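Notes to accompany the following structure.
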Amino acid sequence: MFKGMDNMKQWKKHMEQFMNNDNFFMEFQEMLEHFPKANIYKTENECILVISLPGVTDVEEISIHANYRTVEVSGKISLGYDGFQLVQSEIHTGNFNRTFELPYPIREDKVEGKYHRGLLIIQLYRAFPKDKNSYVSIKSMED
């Protein structure tokens, strides 16, 4: 009887260590925070954001909002097969929302999005600041 209690105490001690392990829960949190998965490519003047979104059936359910150095993408992924019961689920379904930090400011008026074969491809163009020391000509009003 006492040996069983010792085993139970050991088990409880191990479970507490396991449950208090910050790395264990941080790994799951990071997985959820970084969905959907994406790649960002850049050149001197352009940036392309490629987002993996398998299962999107209606592109009207995807929203893209560009603002200075960020792009926010939100929407819904719907998967399901009539008459079938889900047994194992590894592909994310449901609503998603993710904000991406860009390497430089972009033109908010020139953002293009395309969806092809499960990938959302967003093309962005770099915004260049206007010359702050622009030349101002002075006209004589004497004449």
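Please read these numbers as outputs of a predicted model, since none were measured by experiment.
- With sequence neighbours left out, the side chain to side chain contact (heavy atoms under 4.5 Å, CB included) criterion links F128 to N45, R126.
- When all heavy atoms of P36 and S52 are compared, the closest pair comes out as CB-O, 3.4 Å.
- Between F100 atom CZ and I122 atom CD1 the span is 7.0 Å, to the nearest 0.5 Å.
- Taking all atoms of both residues into account, the shortest heavy-atom contact from I77 to P54 is CG2-O, 3.2 Å.
- Residues R69 and P103 approach most closely at NH2-O, 2.7 Å, considering heavy atoms.
- Looking only at distances, no side-chain donor or acceptor of R98 sits under 3.5 Å from a matching main-chain atom of V73.
- The line from OG1 of T93 to NZ of K76 is 9.5 Å long, rounded to the nearest 0.5 Å.
- Legend: residues meeting side chain to side chain contact (heavy atoms under 4.5 Å, CB included) with D58, ordered by chain and number and at least two apart, are E60, E61.
- Taken to the nearest 0.5 Å, the OG1 atom of T70 stands 7.5 Å off from the CD1 atom of I106.
- Atom CD of Q123 is separated from atom CD1 of I121 by 9.5 Å, given to the nearest 0.5 angstrom.
- Using a 4.5 Å cut-off on side-chain heavy atoms (C-beta onward), V71 and I64 make contact.
- When the side-chain hydrogen bond (donor to acceptor under 3.5 Å, both in side chains) test is applied to Q85, no partner is found at least two apart in sequence or on another chain.
- Tracing side-chain contacts under 4.5 Å through hydrophobic residues (I, L, V, M, F, W, Y), one never reaches V50 starting from I40; they form parts of separate clusters.
- Judged by distance alone, with hydrogens and angles left aside, the side-chain atoms of Y115 form no donor-acceptor pair with the main-chain N or O of I62 at under 3.5 Å.
- Across S78 and T57, no two heavy atoms sit closer than the pair O-CG2, 4.2 Å.
- Partners of Y68 according to the side chain to side chain contact (heavy atoms under 4.5 Å, CB included) rule, which considers only residues two or more places apart in sequence or in another chain, are P105, E108.
- What you find for L79 and G55 is that their closest heavy atoms are CD2-CA, 3.8 Å.
- In this structure, CG on L119 lies 9.5 Å from CD1 on I51, to the nearest 0.5 angstrom.
- With rounding to the nearest 0.5 Å, the separation of CG in L102 from NZ in K42 is 11.0 Å.
- Among residues two or more places apart in sequence or in another chain, the side-chain hydrogen bond (donor to acceptor under 3.5 Å, both in side chains) test is passed with E72 by N97.
- Judged purely by atom type and a 3.5 angstrom limit, Y104 uses its side chain to pair as donor or acceptor with the backbone of E46.
- The side-chain hydrogen bond (donor to acceptor under 3.5 Å, both in side chains) search around R107 returns D109, not counting sequence neighbours.
- The aromatic rings of F96 and F35 lie perpendicular to each other, with more than 60° between the two planes, well past the 30° mark.
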